[in-house]
Amino acid sequence: MLDLKFVQKNLGAVTEGLKKRCKTEPDVAEFARLDEARIALIREAEALKAERNTGSAEVAKLKRAGQDASELMARMSAIGDRVKELDAELGVIEAQEQDWLLKVPNIPHESTPDGCSEEDNPVLRHWGTKPELPFAPKEHWELGQALGGLDFERAGKLTGSRFCVSFGWAAKLERALGAFMLDCAAENGYTEVIPPYIVNKASMTGTGQLPKFAEDLFKIEGQDYYLIPTAEVPVTNLHAGEVLEEDQLPTAYCALTPCFRSEAGSYGKDTKGLIRQHQFHKVELVRFSHPEKSFEDLELLTGHAEMVLQRLGLHYRVIALCGGDLGFSSCKTYDIEVWLPGQDKYREISSCSNFLDFQARRANIRFKAKGAKKSEFLHTLNGSGLAVGRALVAVLENGQQADGSIVLPQALRPYLGGLEKIEAK
RNA sequence: GGAGAGGUAGCGAAGUGGCCGUACCGCGCCCGACUCGAAAUCGGGUUACGGACUAAUAAUCCGUACGUGGGUUCGAAUCCCACCCUCUCCGCCA
């Protein structure tokens, strides 16, 4: 959420800044109208409340002195009625203004490139080289099904489309990937947490999924509970409403959780395989940073995500998201895309973002600088480190051999009892 | 699910219609005194948000907040209603 005071004083700059997103711009005139109305109501109501407070004190005095206060009480009662009306009006206006603020995205950072679609995302760097396979590479679902590890049909029977059952080596490989990624994160100073996979509306609002993107979430029927679409939600909200000490920054957490996404609006996209599922595992890295250090921290965080792919020996590239492709809460995002020979494409496997104080303001996460009188909002960042399901896809497609077997990355073998290769039985 | 107890400042905890959010008391923290320095001791200070006035996120004045949301009242931490959370016991359960 943008700072109300900032929006108040910089309507033009807000409009200008949001143009970079190439989306419908928010109606700042509407905001100005609501804000003026709100302040006018506050002034009127507060003047009356002050009058009522002194009047009520007067009543107490009169009563103690044994004098009649009925006339004053009647007058105060009338003021009370008017205050009630004004407060009700104020409540409506405030809710509208709050709703306006909650639905306006973060302003892209100046270093976020211009552009309106993913075509415009500049490639910043590559790591490794595309593997040259001396045969026609297969897609991961062919490999996975042929080796008896991935079963999409049975998942369809159990639940529906966009789910998968992993058997044997596939289940083990997924577990190995998760454990490996958590160990990498620990090495980089992240504290591992296991948060709830179900959160309430306040948490979803804190990180920005609500109120605008309810249709992307699975909601528990009849309750104020939602399945998390990413560990970002529970982990960022760990410190909601708290004031951290300056020397606690940066605080860094990692979490391996299932993620649940309705994928509304992506009909027909990636309908086969593990790329786009309603449920998948992901290791998420979350950082609570000092405002002066958050851009530095974004580079650090992105490096931590890259390290995982480097150790797995998987070729990837890093791109910067342009304004039009940027997520709602982010001001700057790097995507890491891993090379998939079967698909003959780079596919997103991590997304690393700096949210500045956008989430911190929503979730009320602050820190107090040494010697400072007031606390201030800190900056939150997060990035996948990495998406486990997609990493499994990458391991399969990059490790495939002409005979359909899969050679495993060295780094993963200790997690699989030394196993070097997945072969058909 | 049933019964009971409780939610007040960073922590513990008092207050049960106006003198209590200008919140008893204790701890912690900050400043000062004492000391070569420290501990102990003594003195002072220490909630947040909003409005007005401002160059000011300074001072001052005003308003709001005692789990959350309503209600009663001239006036609510205090009385009433609903909900949430924590703890204890019972039931059920991995």
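We name chains A, B, ... by the order of the sequence lines, and we start the count at 1 in each one. Keep in mind the model is a prediction, meaning the values are calculated, not measured.
Under the Watson-Crick and G-U wobble criteria, each requiring two contacts below 3.5 Å, nucleotide A55(B) is left unpaired. Under the Watson-Crick and G-U wobble criteria, each requiring two contacts below 3.5 Å, nucleotide A82(B) is paired to U68(B).
Under the side-chain contact (heavy atoms from CB on, under 4.5 Å) test applied with Tyr415(A), the options Asp183(A), Leu408(A), Leu177(A) reduce to a single match, Asp183(A). Each of Leu256(A), Leu285(A), Val388(A) was scored for a side-chain contact (heavy atoms from CB on, under 4.5 Å) with Met181(A), with one residue passing: Val388(A).
Rounded to whole Å, the distance from NZ on Lys368(A) to P on U46(B) is 13 Å. Remark: P of C49(B) and CD of Gln98(A) are 15 Å apart, rounded to the nearest angstrom. Atom CD of Glu376(A) and atom C1' of C49(B) are 17 Å apart (whole Å). C29(B) atom P lies 14 Å from atom CG of Asp247(A), rounded to whole Å.
In Lys219(A), the NZ atom is crowded: over 12 heavy atoms of neighbouring residues, nucleotides or ligands sit closer than 6.0 Å.
The backbone N or O of Pro108(A) sits nowhere less than 3.5 Å from a side-chain atom of Arg21(A) that would complete a donor-acceptor pair.
The disulfide (SG to SG under 2.5 Å) analysis of residues 19-49 of chain A, with sequence neighbours excluded, yields the pairs Cys22(A)-Cys116(A). The salt bridge (charged side-chain N to carboxylate O under 4.0 Å, His left out) contacts involving residues 155-164 of chain A comprise nothing, where partners must be two or more places apart or lie in separate chains.
Take the nearest nucleotide of RNA chain B for Ser375(A) and for Arg64(A): the residue whose nucleotide is more 5' is Arg64(A). Residue whose closest nucleotide on RNA chain B sits further toward the 5' end, between Tyr225(A) and Thr54(A): Thr54(A).
Between Ser294(A) and Asp297(A), the side chains place no donor N or O within less than 3.5 Å of an acceptor N or O (distance only, hydrogens not considered).
Taking atom C1' on both nucleotides, G91(B) is separated from G1(B) by 8 Å, rounded to a whole Å. Nucleotides G75(B) and C19(B) have their C1' atoms positioned 14 Å apart, rounded to a whole Å.
In this structure, the side-chain contact (heavy atoms from CB on, under 4.5 Å) partners of Leu11(A), at least two apart in sequence or on a different chain, are Val7(A), Val28(A), Phe31(A), Ala32(A).
Between Arg82(A) and Glu44(A) there is a salt bridge, with a side-chain nitrogen of the basic residue lying less than 4.0 Å from a carboxylate oxygen of the acidic one. A salt bridge does not link Glu46(A) with Lys49(A): none of the charged nitrogens is closer than 4.0 Å to a carboxylate oxygen. Ion pair Arg311(A)/Glu187(A) flagged as a salt bridge, since at least one NZ, NE, NH1 or NH2 atom sits closer than 4.0 Å to an Asp/Glu carboxylate oxygen.
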Tabulate protein N/O versus nucleotide N/O from nucleotides 53-61 of chain B, keeping only pairs under 3.5 Å, one per line.
unit_1: A59(B); atom_1: OP1; unit_2: Lys373(A); atom_2: NZ; d: 3.3

Heteroatom pairs (N/O) under 3.5 angstrom, protein to nucleotides 74-82 of chain B:
unit_1: C74(B); atom_1: O4'; unit_2: Met73(A); atom_2: O; d: 3.2
unit_1: C74(B); atom_1: O2'; unit_2: Ser56(A); atom_2: OG; d: 3.0
unit_1: C74(B); atom_1: N4; unit_2: Lys63(A); atom_2: NZ; d: 3.4
unit_1: G75(B); atom_1: O4'; unit_2: Ser56(A); atom_2: OG; d: 3.2

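Of all nucleotides listed (C49(B), A52(B), G63(B)), A52(B) comes nearest to the side chain of Ile39(A). When distances run from any side-chain atom of Glu46(A) to the nucleotides A48(B), C62(B), A52(B), the shortest one goes to C62(B).
Contact check of residues 82-96 of chain A against RNA chain B (heavy atom, cut-off under 4.0 Å) returns Lys84(A).
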